Number of protein chains: 2
Amino acid sequence: MALFLSTFVNKVDRKGRVSVPATFRAALGAQRFPGIVAFSSFKFPALDCCGIDRMEELSIRHELLEQFSEDYENLSALFSGVHELPFDGEGRIVLPAHLAAHAGITEQAAFVGQGSMFQIWEPQRFEERRAAVLERVRRQGLKLPPLGRGTQ
Amino acid sequence: MALFLSTFVNKVDRKGRVSVPATFRAALGAQRFPGIVAFSSFKFPALDCCGIDRMEELSIRHELLEQFSEDYENLSALFSGVHELPFDGEGRIVLPAHLAAHAGITEQAAFVGQGSMFQIWEPQRFEERRAAVLERVRRQGLKLPPLGRGTQ
DNA sequence: TGGGTAATCATGGTATATCGTGGGTTCGAG
DNA sequence: CTCGAACCCACGATATACCATGATTACCCA
């Protein structure tokens with residue numbers, strides 16, 4: 001199981017290429033598709049990312065849903081917005097202009113571990129977001145579901 | 001396992017030809033019939049598409065249904081509306097006039113990944129549809145009943 | 001423990017191949 | 001004989017593969 005931790009800021013070159021942190025590449029392991037899968041976050045100015053494995057799993061679940069249901073269509077919309085970003089020989093990806101725009105990324109990209117997935121942010125925006133969340137945690141504390149009966 | 005992701009807009013030339021995105025062709029792999037299978041969507045002004053494999057699988061399931069039942073007849077109706085669209089040497093298909101009309105396609109065609117299948121839309125119409133679904137997702141959140149992917 | 005060495009990783013540039021697109025031509029059907 | 005559809009060939013743009021370099025890190029040995 002892939003586990004993405006920590007945050008790494010890398011440079012985006014003039015061709016839109018950016019190195020995926022080596023530890024993230026290692027976490028992805030050897031999958032059918034050598035690269036990452038990315039889509040605009042519905043909630044943040046950021047990109048949600050994972051390996052193709054997760055998409056295949058999602059596709060299977062998708063087919064189990066009732067056709068024409070809202071959940072089914074929502075997931076269909078997700079598939080249509082997903083981008084497959086292959087690694088080049090050096091472990092870099094090319095950020096499509098549309099995705100970079102959604103995240104406001106120009107010079108640098110922050111790779112943010114999120115456990116089973118990771119996100120890509122514009123570093124400055126992420127820092128602000130992070131500070132805000134930390135503040136909330138300080139006020140409210142951190143609640144965790146008990147172990148043993150998954151979070152599903 | 002075929003997995004169709006992302007959205008690609010290609011041009012329809014004056015002969016009615018349009019390139020199927022290379023990644024989709026790759027996802028189809030080498031099947032008995034080199035091309036795609038398309039039929040008018042029941043719900044949208046779009047075309048539902050897949051490889052011949054899926055139709056064969058559907059046919060098997062068709063046989064398992066009780067003959068003369070409504071479900072059986074519904075599926076029969078689907079088969080009768082299916083078009084086999086072979087690739088030319090460059091990976092293009094010719095959109096039959098009737099199908100193009102149903103989707104309102106003239107100049108351009110949007111190939112929309114839907115996981116195990118894909119759709120073909122008139123780009124402008126798809127954009128509107130996409131915006132509507134996205135809005136709904138933002139309001140309601142994305143529920144994946146069986147899987148539950150995090151906080152999104 | 002400290003220095004030296006080797007490996008890994010991020011980054012930059014160039015060359016090549018792929019892909020989408022357009023047009024011509026031949027074959028077959030009516 | 002005529003029309004339409006499928007096949008073949010050509011081309012430009014773009015994205016991908018390949019190669020090179022500097023810097024940092026990890027490792028090893030003294």
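These values consider heavy atoms only, across backbone and side chains, with no hydrogens, waters or symmetry-generated copies. Remember, it's a predicted structure, so these values are computed and weren't measured experimentally. Sequence lines set the chain letters: A, B, ... in the order given, protein chains first and strands last, and positions in each chain run from 1.
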- Message: Using the side-chain heavy atoms of B:Arg92, tell me which of these nucleotides is nearest: D:dC9, D:dC18, C:dA10.
- Response: D:dC9
- Query: Taking the nucleotide of DNA chain C with the closest heavy atom to each, which residue, A:Lys15 or B:Asp13, is nearer the 5' end?
  - Reply: A:Lys15
- Task: Check every atom of D:dC9, C:dG20, C:dC9 against the side chain of A:Ala22 and return the nucleotide holding the closest atom.
- Result: C:dC9
- Query: With no angle test and no hydrogens, is the base of D:dC7 tied to the side chain of B:Glu90 by a donor-acceptor pair under 3.5 Å?
  - Reply: no
- Item | Spacing between A:Phe87 atom CZ and C:dT8 atom P, to the nearest angstrom | 17 Å
- When the distance from CZ of B:Phe24 to C1' of C:dC19 is rounded to whole Å, what number comes out? 15 Å
- Message: Tell me if the aromatic rings of B:Phe4 and B:Phe24 count as close, with their centers under 6.0 Å from one another.
- Response: yes
- Query: Among the nucleotides D:dC18, C:dT11, C:dT21, which one has an atom lying closest to any side-chain atom of A:Lys11?
  - Reply: C:dT11
- Message: Over all strands shown, is B:Pro86 touching base, sugar-phosphate only, or nothing at heavy-atom distances under 4.0 angstrom?
- Response: nothing
- Round to the nearest Å and state the distance from A:Ile93 atom CD1 to D:dA15 atom P. 15 Å
- Query: Could you state the CG-P distance from A:Asn10 to D:dA23, rounded to the nearest angstrom?
  - Reply: 17 Å
- Short side-chain to backbone donor-acceptor contact, B:Asn10 and B:Val18, under 3.5 Å: no
- Query: Is the A:Phe39 to A:His83 ring centre distance short of 6.0 Å?
  - Reply: no
- Query: Is there a donor and acceptor pair closer than 3.5 Å between the side chain of B:Arg17 and the base of C:dG20?
  - Reply: no
- Item | N or O in side chain of A:Arg25 less than 4.0 angstrom from C:dT8 OP1/OP2 | no
- Message: Closer than 4.0 angstrom, basic N to acidic O: yes or no for B:Arg139 and A:Glu70?
- Response: no
- What's the CG-P distance between A:Asp88 and C:dG13, to the nearest Å? 15 Å
- With a cut-off of 6.0 Å (strictly less than), are more than 12 heavy atoms of other residues, nucleotides or ligands near CD of A:Glu107? no
- Between D:dA5 atom P and B:Leu95 atom CG, what is the distance in whole Å? 13 Å
- Message: Taking the nucleotide of DNA chain C with the nearest heavy atom to each, does B:Arg14 or B:Thr23 sit closer to the 5' end?
- Response: B:Thr23
